[in-house]
There are 2 protein chains.
Amino acid sequence: MKTGTLDIEKVEKVAFILKAIGNPLRIGIIDALRVNHELSVSEISSQLEAEQSLVSHNLLNMKLKGILESRRKGKNIFYRLKLMEVLKVIECMETCNLDDF
Amino acid sequence: MKTGTLDIEKVEKVAFILKAIGNPLRIGIIDALRVNHELSVSEISSQLEAEQSLVSHNLLNMKLKGILESRRKGKNIFYRLKLMEVLKVIECMETCNLDDF
DNA sequence: CAAATATATGAATATATGTTCATATATTCA
DNA sequence: TGAATATATGAACATATATTCATATATTTG
């Protein structure tokens, strides 16, 4: 596959990232981490009103893909953004008017 | 599900859009349409070196989702961007340095 | 050490997605 | 009208994804 301005590698990376975050729960997680910088799994679970296990799966998924990182602090594991570029995407979308979409 | 700054509806929309474009071929298509404004199916097929049918499926897919629109001109059908917001995302990602990702 | 708490793990499953192929449809033009 | 060209369609299939559930692991604290 060829492209317009972006080289293949970049297209692949961009697609990989957008696909990785293109899910309501994961957008919600990123949005939460955008505001709070660092949150534990249970904090995210309760904030987003989502199952612990589901949140954990998604956090690990994004960590595996290099989008998040984590550290343990006692019984908790705190996650935070690693790939700050996703912030730009979220903020970019946040400013969009998607009312008639 | 609750969120940080974004309301649920917006989170859903953003996720929907990112998921809809989060694919190498589709990013390639959008990138091509970003540069060329309007392209026929066969032009896209040859530019991206992808199967006609595959391209068609993806174009219709994005059209169905409100991201692209099309018009017929003779034997050709020309597609162009409809949801300009996706441009922002692509351009945003384009400026990112993803070398060490 | 045992109980409590927080998180991870993995199986199971339903559903979605990407892709190919063969074929249908629409349009032009000789 | 019939051949050529452009695009759409739909079946079939493999693979990926989202979600739930039960359970394992790690850590703290009594």
Side-chain angles (χ1 to χ4, degrees), chain A residues 1-3 8 11-30 32-33 36 38-80, chain B residues 1-3 8 11-30 32-33 36 38-80:
Chain A
M1 192 188 88
K2 283 182 178 174
T3 45
I8 296 182
V11 167
E12 295 282 351
K13 282 182 184 178
V14 169
F16 182 81
I17 293 169
L18 296 184
K19 184 174 196 172
I21 66 177
N23 168 279
L25 179 56
R26 291 198 292 275
I27 295 286
I29 291 172
I30 292 169
L33 291 174
N36 295 283
E38 194 175 66
L39 289 169
S40 70
V41 178
S42 47
E43 284 172 328
I44 295 172
S45 280
S46 57
Q47 268 196 41
L48 304 192
E49 291 174 354
E51 287 282 352
Q52 177 271 319
S53 175
L54 180 57
V55 171
S56 182
H57 274 301
N58 278 281
L59 288 169
L60 289 165
N61 176 293
M62 287 193 280
K63 181 183 176 183
L64 185 69
K65 290 174 180 164
I67 294 166
L68 305 182
E69 58 191 356
S70 64
R71 72 183 178 98
R72 179 179 281 279
K73 189 182 176 186
K75 275 182 292 190
N76 293 302
I77 293 190
F78 288 87
Y79 281 85
R80 59 177 177 280
Chain B
M1 191 189 86
K2 283 183 178 173
T3 45
I8 296 183
V11 166
E12 296 282 351
K13 283 181 182 177
V14 170
F16 181 81
I17 293 169
L18 296 184
K19 185 174 195 171
I21 66 177
N23 168 279
L25 179 56
R26 292 197 292 273
I27 294 286
I29 290 172
I30 292 169
L33 290 175
N36 296 285
E38 194 173 65
L39 288 169
S40 70
V41 178
S42 47
E43 284 173 327
I44 295 173
S45 279
S46 57
Q47 267 194 41
L48 304 191
E49 291 175 351
E51 287 283 351
Q52 177 272 321
S53 174
L54 181 56
V55 170
S56 182
H57 273 302
N58 278 281
L59 288 170
L60 289 166
N61 177 292
M62 287 194 281
K63 182 184 176 183
L64 185 71
K65 289 174 180 163
I67 294 166
L68 304 182
E69 57 190 358
S70 64
R71 71 182 179 101
R72 177 179 283 279
K73 189 181 175 185
K75 277 181 293 191
N76 294 301
I77 293 189
F78 288 86
Y79 281 86
R80 60 178 175 278

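Lettering of chains follows the sequences in order, A, B, ..., and the numbering in each one begins at 1.
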Between atom [atom1] of [X] and atom [atom2] of [Y], what is the distance when rounded to the nearest 0.5 Å?
X	Y	atom1	atom2	value
Leu18(B)	Ile17(A)	CG	CD1	11.5 Å
Leu59(B)	Leu68(B)	CG	CG	6.5 Å
Leu33(B)	Ile67(B)	CG	CD1	11.5 Å

Provide, to the nearest angstrom, the distance between the [atom1] atom belonging to [X] and the [atom2] atom belonging to [N].
X	N	atom1	atom2	result
Leu54(A)	dG10(C)	CG	P	17 Å
Glu51(A)	dT7(C)	CD	P	14 Å
Leu59(A)	dA6(C)	CG	P	15 Å
Leu64(B)	dT17(C)	CG	P	11 Å
Arg26(A)	dT17(D)	CZ	C1'	8 Å
Leu68(A)	dA8(C)	CG	P	11 Å
Asn58(B)	dG18(C)	CG	P	7 Å
Leu18(B)	dA16(C)	CG	P	19 Å

Fill in: Validation row: Asn36(B), Gln47(B) side chains within 4.5 angstrom (heavy atoms)
yes
Worksheet entry | Heavy-atom check, side chain of Leu64(A) versus side chain of Leu60(A), under 4.5 Å | no
If you look at every strand shown and take non-hydrogen atoms under 4.0 Å, does [X] touch a base, only sugar-phosphate, or nothing?
X	result
Leu60(A)	sugar-phosphate
Ser42(B)	sugar-phosphate
Phe78(A)	nothing

By nearest atom, which of the nucleotides [options] is closest to the [X] side chain?
X	options	value
Asn23(A)	dA18(D), dT20(D), dT9(D)	dA18(D)
His57(B)	dA8(D), dT20(C), dC21(D)	dT20(C)
Asn76(A)	dA8(C), dT17(C), dA6(C)	dA6(C)
Lys75(B)	dA16(C), dT5(D), dT19(C)	dT5(D)

Discussion item. Given the structure, check if the side chain of Gln52(B) and the base of dA8(D) hold any donor-acceptor pair shorter than 3.5 Å.
Written reply: yes
Worksheet item: Would you say the side chain of Ser53(A) and the base of dT9(C) hold a donor-acceptor pair, judged only by whether the two atoms sit under 3.5 Å apart?
Response: yes
Worksheet item: If you pin Lys19(A) and Arg72(A) to their nearest nucleotides in DNA chain D, which one's is more 5'?
Response: Lys19(A)
Worksheet item: If you find the nucleotide of DNA chain D closest to Asn61(A) and the one closest to Gly74(A), which residue's nucleotide is nearer the 5' end?
Response: Asn61(A)
Worksheet item: Has Tyr79(B) got a side-chain N or O lying under 4.0 Å from the OP1 or OP2 atom of dA8(D)?
Response: yes
Worksheet, complete the sentence: Paired to dG10(D) by Watson-Crick or G-U wobble criteria (both distances under 3.5 Å) is dC21(C)
Worksheet item: According to the Watson-Crick and G-U wobble definitions, with both distances under 3.5 Å, which nucleotide is paired to dA30(C)?
Response: dT1(D)
Response to the item:
In terms of heavy-atom contacts, Val14(B) and Ile27(A) come closest through CG1-CD1, 3.9 Å
